[in-house]
Amino acid sequence: MNFIELDSVTKTTKKRNLLNQVSFKIQKGEIVTLEGINGSGKTLILKAILGLIHTSGQISVANSQVRVENKYPIEAGILIENPSLIEGFNAFQNLELLAKLQPRIERYEIYDLLRIFHLDKAGNEKVRKFSLGMKQKLGIAQALLGQNELIVLDEPTNALDKGSIADLITIIKEINESGSTFIIATHDSKFIDEISTRRLYVKDGEVYDEEQ
Amino acid sequence: MLRLLMNQWLFFFQIIKKRLFVFISIVCIAEILIGMQTFQNPNLSVISQFFDGVSIMEIKSQQVHLPVLWFCYLLIPGLILMNSIDQVTKSNSIKLRGLKFSTLELGAVNLVLISLISLLYTCSTFLVFLLLFKIDPDIILNPNSIINNQLIIYLASILFLVIFVLLTVQCLIAVFEPRISIVGPIIILIYTIFNPNKWNILNNTMLSRFNSQLNIQLLLITMIVIFTISALYLYLIRSSDLT
């Protein structure tokens, strides 16, 4: 049974085809990476999978059709573009705010994530004083919070140092072992080598697998 | 839903807080300064200075003056809001989408945020009027005008509803083009100044056009307009891309 299935997904603007007949399947528990140059359509594919944009073609997640107007069929942790954070809150408060929308999340999960990403050292420091890398780590922590069935990350290694990337790889593998499926868009080939269980390549709005 | 509202309010407030404090302070200071000018003057009241507006007779005589205070009072909520609702929706919807919130829920919360900002603005500005009234009732009510307590309560209520309408129109335009969304309220305000249409819901925000016989009808029309534009907003939010 396919966990995620895209069938002939196309997104067109007046000027050009942004996604062109994209079709692929993702099984539960995979770590799929989307690789491609800037503007190739990686982020747009993630948005299509999440039902954030209207497309033609079929997208199904956990056997349910994905549509913008409907609720998303499953719970998903998402980081696309810039993390949305309350600048006047500290790291814990930002995660706690998100946790309040998912009552099953325990406080210790927040502390664990802060510790893994070394954000616990920031203590009560407000997010507005965070560096770009710290904000990125907090955005990733938001996406990983709750270890949802599906976790979607767009360029997660942006602004991260080597040590933080190593921490990210470790935590992604840990969460993946507990059953979460990952879809990660990145152009960081070293990170892809470390993390990916399946690589997809995106070029001019089309998706190719490794064999192609 | 309440948790979603709280979450969105915090992001919304983060964006608007500076504009909110600055603009509300400006209006409140203006009220106090005009209140000082009308102090112990039986022919003037601060309420009439703000909300007299342009009468139908004046429009017909084709010698219309620009009611600056009325115009500013109703435009400022739009300047506080700008395209913040659109910003909140776009920055947060991606994350909230994964938590199984529907576009309809996000749209409904946006409407509540608009009503909260309308309420906050109307209440804080009328609180200053109330304060001035406590100091000297003649500043607000004076024997030579039609203004009385009931009219002030009616005026505050109708202003809250009209501000909600103006802000929702602004958000409707922001769905298509956020940068020019403020144009919507400006056009409606200018249209009201120069047009004597007796069914315009903004008529009752001008004391000079106040018609006690049309009160109920205009209130009813206002409610219908609110329902219609809210439904239209929800429809647009539901059928447009979330990013």
Side-chain angles (χ1 to χ4, degrees), chain A residues 11 13 18 43-44 46-55 61 64 66-89 93-105 126-128 139 142-146 148-154, chain B residues 1-21 83-113 175-178 230-243:
Chain A
K11 176 77 178 173
T13 62
L18 300 174
T43 304
L44 212 57
L46 297 183
K47 287 179 179 176
I49 292 171
L50 293 165
L52 292 163
I53 53 168
H54 289 271
T55 53
V61 172
S64 300
V66 175
R67 292 183 198 284
V68 177
E69 51 272 22
N70 295 346
K71 283 185 181 180
Y72 201 62
I74 55 167
E75 287 200 346
I78 306 166
L79 174 66
I80 294 182
E81 292 159 355
N82 300 321
S84 61
L85 305 165
I86 301 276
E87 300 271 320
F89 279 11
Q93 287 169 324
N94 267 286
L95 290 179
E96 191 187 33
L97 185 67
L98 190 62
K100 280 180 183 165
L101 298 171
Q102 295 170 285
R104 65 185 167 80
I105 294 172
K126 303 270 188 277
V127 166
R128 75 168 68 92
Q142 283 183 328
L144 301 181
L145 190 65
N148 292 313
E149 265 186 277
L150 174 65
I151 295 167
V152 177
L153 303 172
D154 185 20
Chain B
M1 194 73 168
L2 202 65
R3 283 175 176 165
L4 178 64
L5 175 64
M6 193 62 207
N7 183 80
Q8 294 294 77
W9 169 258
L10 287 168
F11 280 93
F12 178 61
F13 189 70
Q14 173 176 255
I15 298 169
I16 63 157
K17 67 180 175 195
K18 280 183 190 159
R19 295 199 296 265
L20 183 76
F21 289 128
N83 63 343
S84 52
I85 292 284
D86 186 63
Q87 277 178 270
V88 173
T89 309
K90 285 186 175 159
S91 67
N92 252 359
S93 61
I94 295 175
K95 197 169 64 184
L96 295 172
R97 177 84 177 146
L99 302 181
K100 297 174 89 172
F101 288 106
S102 68
T103 44
L104 207 60
E105 285 172 302
L106 293 175
V109 165
N110 286 352
L111 289 174
V112 177
L113 292 178
V175 172
F176 301 101
E177 184 50 73
S230 300
L232 184 64
Y233 178 73
L234 290 177
Y235 172 77
L236 281 177
I237 282 283
R238 197 164 177 261
S239 55
S240 58
D241 289 347
L242 276 168
T243 58

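In what follows, every heavy atom counts, from backbone to side chain, and hydrogens, waters and symmetry copies are set aside. Just so we're clear, the structure is a prediction, and the values are computed from it rather than from any experiment. Chain letters run A, B, ... following the sequence lines, proteins first, then strands; residues in each count from 1.
By the side chain to side chain donor-acceptor pair (under 3.5 Å) test, B:N110 is found to be paired with B:T89, B:Y233, residues two or more places apart in sequence or in another chain being considered.
Using a distance-only test at 3.5 Å, with no hydrogens or angles considered, no donor-acceptor pair links the side chain of A:E81 to the main chain of B:S91.
Distance check: A:E69 CD to B:L242 CG gives 10.0 Å after rounding to the nearest 0.5 Å. The NZ atom of A:K71 sits 10.0 Å away from the CG atom of B:L104 when rounded to the nearest 0.5 Å. A distance of 10.0 Å separates CG in B:L10 from CD in A:Q93, rounded to the nearest 0.5 Å. Separation of atoms CZ (B:R238) and CG (A:N70) is listed at 6.5 Å; rounding is to 0.5 Å.
Side-chain atoms of A:I78 and B:K95, non-hydrogen and from C-beta on, never get closer than 4.5 Å to each other.
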Donor-acceptor contacts under 3.5 Å from residues 94-104 of chain A side chains, at least two apart:
{"residue": "A:N94", "atom": "OD1", "partner": "A:I86", "partner atom": "N", "Å": "2.8"}
{"residue": "A:N94", "atom": "ND2", "partner": "A:I86", "partner atom": "O", "Å": "3.1"}
{"residue": "A:N94", "atom": "ND2", "partner": "A:N90", "partner atom": "O", "Å": "3.2"}
{"residue": "A:E96", "atom": "OE2", "partner": "A:R107", "partner atom": "NH1", "Å": "3.1"}
{"residue": "A:Q102", "atom": "NE2", "partner": "A:N148", "partner atom": "OD1", "Å": "3.3"}
{"residue": "A:R104", "atom": "NE", "partner": "A:E75", "partner atom": "OE1", "Å": "3.4"}
{"residue": "A:R104", "atom": "NH1", "partner": "A:G146", "partner atom": "O", "Å": "2.9"}
{"residue": "A:R104", "atom": "NH2", "partner": "A:E75", "partner atom": "OE1", "Å": "2.8"}
{"residue": "A:R104", "atom": "NH2", "partner": "A:G146", "partner atom": "O", "Å": "3.4"}
{"residue": "A:R104", "atom": "NH2", "partner": "A:N148", "partner atom": "OD1", "Å": "2.6"}

request  = Verify side-chain contact (heavy atoms from CB on, under 4.5 Å) between B:R97 and A:I80, making sure each step is shown before the conclusion.
outcome  = CA-CA 12 Å; B:R97 177 84 177 146; A:I80 294 182; over 6 Å; no

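Chosen from B:N92, B:L96, B:I94, the residue pairing most often with chain A at heavy-atom distances under 4.5 Å is B:I94. When each of A:G51, A:G88, A:G77 is checked for heavy-atom pairs under 4.5 Å with chain B, A:G51 comes out on top.
Residue contact with chain A, scored on non-hydrogen atoms closer than 4.5 Å, is absent for B:K90. Neither the backbone nor the side chain of A:L79 comes within contact range of chain B; no heavy atoms are under 4.5 Å apart. With a threshold of 4.5 angstrom between heavy atoms, A:P73 approaches chain B through N, CA, C or O but not through any side-chain atom. At a 4.5 Å heavy-atom cutoff, the contact between A:L85 and chain B is made by backbone atoms alone.
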